[in-house]
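Only one structure is covered here, and it is reproduced in the block below.
All ligand and atom numbering here is 1-based and tracks the order in the structure.
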Amino acid sequence: MSVEQHRQLVTEVPGPRSRALHERKVAAVSAGVGTTLPVYVERAAGGVLVDVDGNHLIDFGSGIAVTTVGNAAPRVVEGVQQQVADFTHTCFMVTPYEEYVSVCEKLGELTPGDHQKRSALFNSGAEAVENAVKVARHHTGRDAIVVFDHAYHGRTNLTMALTAKNMPYKHRFGPFAGEVYRAPMAYPYRWPGGAEACADEAFEAFVSTVHTQVGEDNAAAVLIEPIQGEGGFIVPPPGWLARVAEWCREHGILLIADEIQTGFARTGDWFACDHEGVVPDLITTAKGMAGGLPLAGVTGRAEIMDSVHTGGLGGTYGGNPVACAAALGAIETMQADDLCGRAREIEALFLPRLRGLAERHPDRVGDVRGRGAMLAIELVTDAGSRTPDAALTAAVHQACSASGLVTLTCGTFGNVFRFLPPLSIGDDLMEEGLDLFEAAFENAL
Ligand code: PLZ
(Lines give C-alpha, C1' and ligand atoms only; values in the text may rest on other atoms or scores of the structure.)
Protein backbone atom coordinates (compact mmCIF):
# COMPACT_ATOMS: atom_id res chain seq x y z
CA MET A 1 0.00 0.00 0.00
CA SER A 2 1.21 3.51 -0.84
CA VAL A 3 0.75 4.67 2.75
CA GLU A 4 2.34 2.88 5.69
CA GLN A 5 -0.39 1.29 7.75
CA HIS A 6 0.42 2.59 11.18
CA ARG A 7 -0.46 5.49 13.44
CA GLN A 8 2.25 8.01 14.02
CA LEU A 9 2.04 11.48 15.46
CA VAL A 10 4.92 13.83 14.72
CA THR A 11 3.16 17.04 15.83
CA GLU A 12 0.14 17.88 17.91
CA VAL A 13 -3.15 17.40 16.06
CA PRO A 14 -3.89 19.61 14.17
CA GLY A 15 -0.26 20.48 13.51
CA PRO A 16 1.18 23.83 12.38
CA ARG A 17 0.69 23.26 8.66
CA SER A 18 -2.91 22.22 9.15
CA ARG A 19 -3.49 25.27 11.32
CA ALA A 20 -2.00 27.54 8.65
CA LEU A 21 -4.21 25.97 6.00
CA HIS A 22 -7.16 26.37 8.29
CA GLU A 23 -6.52 30.10 8.51
CA ARG A 24 -6.69 30.22 4.72
CA LYS A 25 -9.88 28.14 4.86
CA VAL A 26 -11.55 30.56 7.22
CA ALA A 27 -10.62 33.47 4.95
CA ALA A 28 -11.75 31.82 1.71
CA VAL A 29 -14.41 29.18 2.41
CA SER A 30 -17.92 29.96 3.60
CA ALA A 31 -18.33 29.55 7.34
CA GLY A 32 -21.43 27.53 6.48
CA VAL A 33 -19.17 24.66 5.45
CA GLY A 34 -17.90 23.18 8.69
CA THR A 35 -15.04 20.75 9.30
CA THR A 36 -15.20 18.30 12.21
CA LEU A 37 -11.44 17.84 12.38
CA PRO A 38 -9.40 20.58 10.68
CA VAL A 39 -6.54 18.29 9.79
CA TYR A 40 -5.61 18.77 6.15
CA VAL A 41 -5.03 15.51 4.33
CA GLU A 42 -2.23 14.92 1.87
CA ARG A 43 -2.43 11.18 1.19
CA ALA A 44 -4.58 8.28 2.31
CA ALA A 45 -4.87 4.53 1.79
CA GLY A 46 -6.14 1.49 3.63
CA GLY A 47 -7.05 2.62 7.12
CA VAL A 48 -4.68 5.59 7.35
CA LEU A 49 -4.91 9.30 6.54
CA VAL A 50 -1.64 11.25 6.31
CA ASP A 51 -1.90 14.96 7.05
CA VAL A 52 0.21 17.84 5.80
CA ASP A 53 2.30 17.73 8.97
CA GLY A 54 3.20 14.08 8.38
CA ASN A 55 0.90 12.66 11.05
CA HIS A 56 -0.53 9.22 10.26
CA LEU A 57 -4.09 9.03 11.56
CA ILE A 58 -6.29 5.95 11.90
CA ASP A 59 -9.47 6.33 9.86
CA PHE A 60 -12.69 5.16 11.52
CA GLY A 61 -14.91 7.33 9.31
CA SER A 62 -14.21 6.55 5.64
CA GLY A 63 -15.18 10.11 4.72
CA ILE A 64 -18.70 9.31 5.99
CA ALA A 65 -19.01 5.76 4.65
CA VAL A 66 -17.56 6.52 1.22
CA THR A 67 -14.13 4.92 1.01
CA THR A 68 -15.47 1.45 1.76
CA VAL A 69 -12.82 -0.10 -0.50
CA GLY A 70 -10.18 2.11 1.11
CA ASN A 71 -8.84 5.45 0.01
CA ALA A 72 -7.21 5.54 -3.41
CA ALA A 73 -7.96 1.81 -3.78
CA PRO A 74 -5.76 0.36 -6.55
CA ARG A 75 -8.56 -0.73 -8.93
CA VAL A 76 -10.31 2.62 -8.49
CA VAL A 77 -7.10 4.52 -9.23
CA GLU A 78 -6.37 2.37 -12.25
CA GLY A 79 -9.88 2.73 -13.69
CA VAL A 80 -9.92 6.47 -13.13
CA GLN A 81 -6.45 7.04 -14.61
CA GLN A 82 -7.33 5.09 -17.74
CA GLN A 83 -10.70 6.78 -18.13
CA VAL A 84 -9.50 10.30 -17.48
CA ALA A 85 -6.88 9.84 -20.21
CA ASP A 86 -9.43 8.38 -22.67
CA PHE A 87 -12.13 11.02 -22.25
CA THR A 88 -13.50 12.99 -19.31
CA HIS A 89 -17.04 13.85 -20.35
CA THR A 90 -19.49 13.71 -23.21
CA CYS A 91 -22.79 13.90 -21.30
CA PHE A 92 -24.59 10.56 -21.37
CA MET A 93 -27.76 12.29 -22.61
CA VAL A 94 -25.89 13.50 -25.71
CA THR A 95 -23.39 10.82 -26.76
CA PRO A 96 -23.39 7.84 -24.40
CA TYR A 97 -20.60 5.47 -23.32
CA GLU A 98 -20.26 1.92 -22.05
CA GLU A 99 -19.19 2.67 -18.45
CA TYR A 100 -22.58 4.14 -17.55
CA VAL A 101 -24.35 1.08 -18.90
CA SER A 102 -21.95 -1.25 -17.06
CA VAL A 103 -22.60 0.47 -13.73
CA CYS A 104 -26.36 0.15 -14.28
CA GLU A 105 -25.91 -3.54 -15.12
CA LYS A 106 -24.00 -4.01 -11.85
CA LEU A 107 -26.69 -2.15 -9.92
CA GLY A 108 -29.32 -4.42 -11.48
CA GLU A 109 -27.37 -7.54 -10.49
CA LEU A 110 -26.40 -6.55 -6.96
CA THR A 111 -29.47 -4.76 -5.57
CA PRO A 112 -32.14 -6.90 -3.84
CA GLY A 113 -34.60 -8.89 -5.95
CA ASP A 114 -34.23 -10.83 -9.17
CA HIS A 115 -36.90 -8.94 -11.11
CA GLN A 116 -36.11 -6.82 -14.17
CA LYS A 117 -34.53 -3.55 -13.13
CA ARG A 118 -33.45 -0.25 -14.65
CA SER A 119 -31.19 2.44 -13.19
CA ALA A 120 -30.34 6.09 -13.68
CA LEU A 121 -27.17 7.77 -12.44
CA PHE A 122 -26.65 11.10 -10.68
CA ASN A 123 -23.95 13.01 -8.81
CA SER A 124 -24.90 12.96 -5.16
CA GLY A 125 -27.03 11.07 -2.71
CA ALA A 126 -29.48 13.93 -2.37
CA GLU A 127 -29.92 14.06 -6.13
CA ALA A 128 -30.63 10.32 -6.22
CA VAL A 129 -33.26 10.68 -3.50
CA GLU A 130 -34.87 13.60 -5.37
CA ASN A 131 -35.05 11.49 -8.50
CA ALA A 132 -36.44 8.45 -6.71
CA VAL A 133 -39.24 10.69 -5.43
CA LYS A 134 -39.81 12.11 -8.93
CA VAL A 135 -40.09 8.61 -10.37
CA ALA A 136 -42.39 7.40 -7.58
CA ARG A 137 -44.73 10.36 -8.01
CA HIS A 138 -44.73 10.10 -11.78
CA HIS A 139 -45.43 6.37 -11.74
CA THR A 140 -48.16 6.37 -9.10
CA GLY A 141 -49.76 9.69 -9.94
CA ARG A 142 -49.79 10.37 -6.19
CA ASP A 143 -48.08 13.18 -4.27
CA ALA A 144 -47.41 12.22 -0.67
CA ILE A 145 -44.08 10.87 0.54
CA VAL A 146 -43.88 9.24 3.96
CA VAL A 147 -40.59 9.47 5.86
CA PHE A 148 -39.56 8.73 9.44
CA ASP A 149 -38.34 10.44 12.57
CA HIS A 150 -34.52 10.66 12.63
CA ALA A 151 -34.35 10.31 8.83
CA TYR A 152 -31.56 11.86 6.81
CA HIS A 153 -31.89 12.15 3.05
CA GLY A 154 -29.85 15.20 2.05
CA ARG A 155 -29.56 18.98 1.97
CA THR A 156 -31.36 20.10 -1.21
CA ASN A 157 -34.78 21.66 -0.80
CA LEU A 158 -36.80 18.48 -1.21
CA THR A 159 -34.35 16.34 0.74
CA MET A 160 -34.22 18.88 3.59
CA ALA A 161 -37.97 18.42 3.79
CA LEU A 162 -37.42 14.65 3.96
CA THR A 163 -34.68 14.98 6.57
CA ALA A 164 -35.88 15.13 10.17
CA LYS A 165 -33.28 17.13 12.07
CA ASN A 166 -33.39 20.91 12.22
CA MET A 167 -29.83 21.76 13.30
CA PRO A 168 -27.67 22.02 11.30
CA TYR A 169 -29.52 20.80 8.20
CA LYS A 170 -32.72 22.85 8.00
CA HIS A 171 -32.49 25.79 10.35
CA ARG A 172 -33.76 28.91 8.53
CA PHE A 173 -33.37 27.26 5.13
CA GLY A 174 -37.11 26.88 4.49
CA PRO A 175 -39.77 27.01 3.25
CA PHE A 176 -39.54 23.33 2.44
CA ALA A 177 -41.15 21.20 -0.22
CA GLY A 178 -44.67 20.02 0.58
CA GLU A 179 -46.45 16.68 0.71
CA VAL A 180 -43.92 15.14 3.07
CA TYR A 181 -45.30 13.28 6.11
CA ARG A 182 -43.34 11.84 9.01
CA ALA A 183 -44.04 8.63 10.90
CA PRO A 184 -42.45 7.43 14.15
CA MET A 185 -39.31 5.35 13.63
CA ALA A 186 -38.92 1.91 15.14
CA TYR A 187 -36.10 2.90 17.49
CA PRO A 188 -35.84 0.08 20.02
CA TYR A 189 -33.64 1.86 22.58
CA ARG A 190 -35.94 4.90 22.76
CA TRP A 191 -39.32 3.35 22.04
CA PRO A 192 -41.64 4.61 24.79
CA GLY A 193 -43.18 1.18 25.35
CA GLY A 194 -39.76 -0.49 25.48
CA ALA A 195 -37.67 -2.42 22.96
CA GLU A 196 -39.85 -5.54 23.21
CA ALA A 197 -42.96 -3.68 22.17
CA CYS A 198 -41.19 -1.61 19.54
CA ALA A 199 -41.77 -3.75 16.44
CA ASP A 200 -45.53 -4.06 16.88
CA GLU A 201 -46.22 -0.62 18.25
CA ALA A 202 -44.04 1.16 15.73
CA PHE A 203 -45.72 -0.71 12.90
CA GLU A 204 -49.14 0.28 14.21
CA ALA A 205 -48.03 3.88 14.64
CA PHE A 206 -46.74 3.93 11.07
CA VAL A 207 -49.98 2.51 9.65
CA SER A 208 -52.03 4.92 11.70
CA THR A 209 -49.94 7.92 10.58
CA VAL A 210 -50.38 7.07 6.92
CA HIS A 211 -54.06 6.29 7.34
CA THR A 212 -55.03 9.34 9.36
CA GLN A 213 -52.65 12.02 8.07
CA VAL A 214 -52.12 11.03 4.45
CA GLY A 215 -54.66 8.50 3.23
CA GLU A 216 -53.27 5.34 1.65
CA ASP A 217 -54.46 6.36 -1.83
CA ASN A 218 -52.53 9.61 -1.66
CA ALA A 219 -49.19 8.08 -0.75
CA ALA A 220 -46.75 7.68 -3.63
CA ALA A 221 -43.96 6.19 -1.57
CA VAL A 222 -42.58 5.35 1.81
CA LEU A 223 -38.93 6.36 1.92
CA ILE A 224 -36.69 4.77 4.52
CA GLU A 225 -33.08 4.09 5.42
CA PRO A 226 -33.14 0.40 6.40
CA ILE A 227 -30.60 1.30 9.07
CA GLN A 228 -30.72 5.02 9.76
CA GLY A 229 -27.39 6.78 9.34
CA GLU A 230 -27.04 10.41 10.40
CA GLY A 231 -30.04 9.99 12.72
CA GLY A 232 -28.07 7.65 14.98
CA PHE A 233 -27.36 4.27 13.36
CA ILE A 234 -30.81 3.16 14.37
CA VAL A 235 -31.47 -0.49 13.59
CA PRO A 236 -35.17 -1.28 13.58
CA PRO A 237 -36.26 -4.56 15.20
CA PRO A 238 -36.11 -7.66 12.97
CA GLY A 239 -39.21 -8.08 10.85
CA TRP A 240 -40.45 -4.50 11.16
CA LEU A 241 -39.20 -3.37 7.75
CA ALA A 242 -40.65 -6.46 6.08
CA ARG A 243 -44.06 -5.67 7.58
CA VAL A 244 -43.84 -2.08 6.36
CA ALA A 245 -42.86 -3.35 2.90
CA GLU A 246 -45.76 -5.82 2.81
CA TRP A 247 -48.24 -3.18 3.93
CA CYS A 248 -46.99 -0.75 1.27
CA ARG A 249 -47.44 -3.42 -1.40
CA GLU A 250 -51.03 -4.04 -0.29
CA HIS A 251 -51.80 -0.36 -0.73
CA GLY A 252 -49.96 0.32 -3.99
CA ILE A 253 -47.44 2.51 -2.17
CA LEU A 254 -43.87 2.21 -3.44
CA LEU A 255 -41.12 1.39 -0.98
CA ILE A 256 -37.96 3.40 -1.58
CA ALA A 257 -34.93 2.16 0.36
CA ASP A 258 -32.32 4.86 0.83
CA GLU A 259 -29.17 2.73 0.97
CA ILE A 260 -26.81 5.61 0.33
CA GLN A 261 -25.00 5.03 3.62
CA THR A 262 -25.82 1.33 4.21
CA GLY A 263 -25.22 0.03 0.69
CA PHE A 264 -22.33 -1.68 -1.05
CA ALA A 265 -20.96 -4.16 1.49
CA ARG A 266 -20.98 -1.75 4.42
CA THR A 267 -23.33 -3.79 6.61
CA GLY A 268 -21.92 -7.21 5.77
CA ASP A 269 -24.19 -7.85 2.81
CA TRP A 270 -24.54 -5.95 -0.45
CA PHE A 271 -27.46 -3.97 0.97
CA ALA A 272 -29.03 -3.63 4.41
CA CYS A 273 -32.39 -4.73 2.94
CA ASP A 274 -30.81 -8.11 2.20
CA HIS A 275 -30.56 -8.89 5.93
CA GLU A 276 -34.29 -8.42 6.24
CA GLY A 277 -35.23 -10.20 3.01
CA VAL A 278 -36.87 -6.97 1.87
CA VAL A 279 -37.06 -6.13 -1.84
CA PRO A 280 -37.74 -2.42 -2.27
CA ASP A 281 -39.38 -1.05 -5.42
CA LEU A 282 -36.73 1.65 -5.72
CA ILE A 283 -33.33 1.91 -4.09
CA THR A 284 -30.95 4.86 -3.90
CA THR A 285 -27.19 4.34 -3.79
CA ALA A 286 -24.11 6.59 -3.65
CA LYS A 287 -21.16 6.89 -1.25
CA GLY A 288 -19.34 3.52 -1.14
CA MET A 289 -20.35 2.65 -4.68
CA ALA A 290 -17.64 4.69 -6.40
CA GLY A 291 -14.70 4.60 -3.98
CA GLY A 292 -14.72 8.36 -3.40
CA LEU A 293 -15.80 9.80 -6.72
CA PRO A 294 -19.19 11.49 -6.85
CA LEU A 295 -21.73 9.05 -8.24
CA ALA A 296 -25.24 8.08 -7.19
CA GLY A 297 -27.93 5.85 -8.56
CA VAL A 298 -31.63 5.12 -8.52
CA THR A 299 -32.43 1.49 -9.30
CA GLY A 300 -35.92 0.09 -9.49
CA ARG A 301 -38.45 -2.20 -11.03
CA ALA A 302 -38.26 -1.86 -14.80
CA GLU A 303 -41.94 -0.97 -15.18
CA ILE A 304 -41.59 1.86 -12.66
CA MET A 305 -38.30 3.26 -13.94
CA ASP A 306 -39.45 2.98 -17.56
CA SER A 307 -42.76 4.70 -16.91
CA VAL A 308 -41.04 8.08 -17.07
CA HIS A 309 -41.15 9.82 -20.47
CA THR A 310 -37.87 9.90 -22.38
CA GLY A 311 -35.84 12.91 -21.30
CA GLY A 312 -37.62 13.12 -17.94
CA LEU A 313 -34.52 12.11 -15.99
CA GLY A 314 -30.96 13.31 -16.38
CA GLY A 315 -28.44 16.04 -15.72
CA THR A 316 -25.20 17.26 -17.28
CA TYR A 317 -22.80 15.20 -15.18
CA GLY A 318 -24.94 12.31 -13.96
CA GLY A 319 -22.98 9.09 -14.49
CA ASN A 320 -19.81 10.91 -15.46
CA PRO A 321 -17.43 8.42 -17.14
CA VAL A 322 -14.62 8.94 -14.62
CA ALA A 323 -16.98 8.36 -11.70
CA CYS A 324 -18.38 5.29 -13.47
CA ALA A 325 -14.88 3.89 -14.01
CA ALA A 326 -14.25 4.40 -10.30
CA ALA A 327 -17.46 2.56 -9.45
CA LEU A 328 -16.54 -0.38 -11.66
CA GLY A 329 -13.15 -0.55 -9.91
CA ALA A 330 -14.76 -0.30 -6.47
CA ILE A 331 -17.38 -2.96 -7.18
CA GLU A 332 -14.77 -5.29 -8.64
CA THR A 333 -12.73 -4.83 -5.46
CA MET A 334 -15.74 -5.62 -3.26
CA GLN A 335 -16.38 -8.80 -5.22
CA ALA A 336 -12.77 -9.95 -5.58
CA ASP A 337 -11.85 -9.26 -1.95
CA ASP A 338 -15.20 -10.43 -0.49
CA LEU A 339 -15.71 -7.14 1.32
CA CYS A 340 -19.13 -8.24 2.57
CA GLY A 341 -17.29 -10.98 4.45
CA ARG A 342 -14.74 -8.44 5.62
CA ALA A 343 -17.49 -6.20 7.00
CA ARG A 344 -18.78 -9.15 9.03
CA GLU A 345 -15.26 -9.79 10.35
CA ILE A 346 -15.04 -6.14 11.37
CA GLU A 347 -18.34 -6.50 13.23
CA ALA A 348 -16.94 -9.57 15.01
CA LEU A 349 -13.86 -7.62 16.05
CA PHE A 350 -15.65 -4.41 17.10
CA LEU A 351 -18.78 -5.64 18.84
CA PRO A 352 -17.15 -7.53 21.75
CA ARG A 353 -14.99 -4.48 22.45
CA LEU A 354 -17.95 -2.09 22.38
CA ARG A 355 -20.06 -4.46 24.47
CA GLY A 356 -17.19 -4.81 26.94
CA LEU A 357 -17.13 -1.04 27.29
CA ALA A 358 -20.89 -1.01 27.83
CA GLU A 359 -20.56 -3.68 30.53
CA ARG A 360 -17.88 -1.68 32.33
CA HIS A 361 -19.92 1.53 32.06
CA PRO A 362 -23.57 0.49 32.02
CA ASP A 363 -24.65 3.90 33.20
CA ARG A 364 -23.06 5.83 30.34
CA VAL A 365 -23.15 3.49 27.34
CA GLY A 366 -26.88 3.13 26.81
CA ASP A 367 -26.88 1.05 23.67
CA VAL A 368 -24.49 -0.77 21.31
CA ARG A 369 -25.87 -1.44 17.84
CA GLY A 370 -25.26 -1.68 14.14
CA ARG A 371 -24.33 -4.20 11.52
CA GLY A 372 -21.12 -5.09 9.72
CA ALA A 373 -18.78 -2.13 9.58
CA MET A 374 -21.57 0.28 10.53
CA LEU A 375 -21.56 0.23 14.32
CA ALA A 376 -22.38 2.68 17.06
CA ILE A 377 -22.73 3.30 20.76
CA GLU A 378 -25.20 5.69 22.28
CA LEU A 379 -23.99 7.71 25.27
CA VAL A 380 -26.31 8.83 28.06
CA THR A 381 -25.98 10.67 31.35
CA ASP A 382 -27.41 7.68 33.25
CA ALA A 383 -29.07 4.40 32.46
CA GLY A 384 -32.29 5.31 34.24
CA SER A 385 -33.24 8.50 32.42
CA ARG A 386 -31.44 7.67 29.17
CA THR A 387 -30.82 11.39 28.77
CA PRO A 388 -28.58 11.85 25.71
CA ASP A 389 -25.07 12.94 26.65
CA ALA A 390 -23.90 15.11 23.79
CA ALA A 391 -21.22 16.75 25.95
CA LEU A 392 -19.54 13.45 26.76
CA THR A 393 -19.79 12.45 23.09
CA ALA A 394 -18.09 15.68 22.02
CA ALA A 395 -15.36 15.30 24.65
CA VAL A 396 -14.57 11.74 23.58
CA HIS A 397 -14.57 12.81 19.96
CA GLN A 398 -12.09 15.57 20.66
CA ALA A 399 -9.81 13.27 22.62
CA CYS A 400 -9.86 10.70 19.81
CA SER A 401 -8.87 13.37 17.30
CA ALA A 402 -6.00 14.55 19.47
CA SER A 403 -4.69 10.99 19.71
CA GLY A 404 -4.72 10.46 15.96
CA LEU A 405 -8.00 8.60 15.55
CA VAL A 406 -10.52 10.04 13.12
CA THR A 407 -14.03 9.31 14.38
CA LEU A 408 -17.54 10.51 13.64
CA THR A 409 -20.56 11.18 15.78
CA CYS A 410 -24.20 11.28 14.75
CA GLY A 411 -27.71 11.11 16.13
CA THR A 412 -30.66 13.43 16.47
CA PHE A 413 -29.41 14.24 19.97
CA GLY A 414 -25.70 14.33 19.05
CA ASN A 415 -24.89 11.51 21.47
CA VAL A 416 -24.05 8.62 19.18
CA PHE A 417 -20.51 7.57 18.39
CA ARG A 418 -20.38 5.80 15.05
CA PHE A 419 -17.73 3.57 13.56
CA LEU A 420 -17.36 3.36 9.79
CA PRO A 421 -13.86 2.07 9.09
CA PRO A 422 -12.78 1.42 5.53
CA LEU A 423 -13.14 -2.30 4.85
CA SER A 424 -9.50 -2.38 3.78
CA ILE A 425 -8.28 -1.52 7.28
CA GLY A 426 -6.08 -4.10 9.04
CA ASP A 427 -6.99 -5.79 12.32
CA ASP A 428 -4.04 -4.24 14.18
CA LEU A 429 -5.12 -0.72 13.29
CA MET A 430 -8.67 -1.46 14.37
CA GLU A 431 -7.53 -2.84 17.72
CA GLU A 432 -5.27 0.15 18.22
CA GLY A 433 -8.09 2.52 17.26
CA LEU A 434 -10.39 0.81 19.75
CA ASP A 435 -7.70 1.09 22.46
CA LEU A 436 -7.50 4.82 21.77
CA PHE A 437 -11.25 5.14 21.78
CA GLU A 438 -11.63 3.32 25.08
CA ALA A 439 -8.91 5.44 26.67
CA ALA A 440 -10.52 8.63 25.36
CA PHE A 441 -13.87 7.49 26.72
CA GLU A 442 -12.60 6.49 30.13
CA ASN A 443 -10.57 9.69 30.50
CA ALA A 444 -13.56 11.83 29.60
CA LEU A 445 -15.83 10.36 32.28
N1 PLZ B 1 -29.20 9.57 2.27
C2 PLZ B 1 -28.93 7.84 3.97
O3 PLZ B 1 -26.49 9.13 4.57
C4 PLZ B 1 -25.47 11.44 3.19
C5 PLZ B 1 -24.28 13.58 5.02
C6 PLZ B 1 -23.19 14.44 5.44
P7 PLZ B 1 -25.16 13.32 -0.36
N8 PLZ B 1 -24.99 11.32 4.51
C9 PLZ B 1 -23.87 12.16 4.88
C10 PLZ B 1 -23.65 15.87 5.57
O11 PLZ B 1 -23.66 16.36 6.70
O12 PLZ B 1 -23.96 16.48 4.54
C13 PLZ B 1 -26.79 10.77 2.86
C14 PLZ B 1 -27.23 9.64 3.57
C15 PLZ B 1 -28.45 9.06 3.24
C16 PLZ B 1 -28.80 10.64 1.57
C17 PLZ B 1 -27.59 11.26 1.83
C18 PLZ B 1 -27.20 12.44 1.00
O19 PLZ B 1 -26.10 12.14 0.21
O20 PLZ B 1 -24.26 12.61 -1.32
O21 PLZ B 1 -24.47 13.93 0.81
O22 PLZ B 1 -26.09 14.27 -1.05
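- Assignment of Lys287 to the shell around ligand 1 is supported, since a heavy atom sits closer than 4.0 Å.
- Distance from atom 3 (O) of ligand 1 to its nearest protein heavy atom, with residue and atom name: Gln261 NE2, 2.8 Å.
- The nearest protein heavy atom to atom 7 (P) of ligand 1 is closer than 4.0 Å.
- A salt bridge links Arg364 to Asp389: one of the charged nitrogens lies within less than 4.0 Å of a carboxylate oxygen.
- Nearest-residue assignment for atom 2 (C) of ligand 1 (options Glu230, Glu225, Glu127; heavy-atom criterion): Glu225.
- With respect to the salt-bridge test (charged N to carboxylate O, under 4.0 angstrom), the residues Asp53 and Arg17 do not qualify.
- Within the listing of ligand 1, atoms 1 (N), 2 (C), 15 (C), 16 (C) sit less than 4.0 angstrom from a heavy atom of Asp258.
- Counting only residues at least two apart or on different chains, the side chain to side chain donor-acceptor pair (under 3.5 Å) pairs with a member in residues 409-421 are His150-Thr412, Glu230-Arg418, Gln261-Arg418, Glu378-Asn415.
- For the salt bridge (Lys or Arg N to Asp or Glu O under 4.0 Å) condition, the pairs that include at least one residue of residues 245-264, sequence neighbours left out, are Glu246-Arg249.
- Applying the 4.0 Å criterion to heavy atoms of Ser124 picks out, from ligand 1, the atoms 20 (O), 22 (O).
- Contacts between Ala286 and ligand 1 below 4.0 angstrom, taking non-hydrogen atoms only, are absent altogether.
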Q) Do Glu345 and Arg342 pass the salt bridge (Lys or Arg N to Asp or Glu O under 4.0 Å) test, and can you show the C-alpha distance, the side-chain angles, and the key distance before you say yes or no? A) CA-CA 5 Å; Glu345 285 172 10; Arg342 182 61 185 150; 2.7 Å; yes
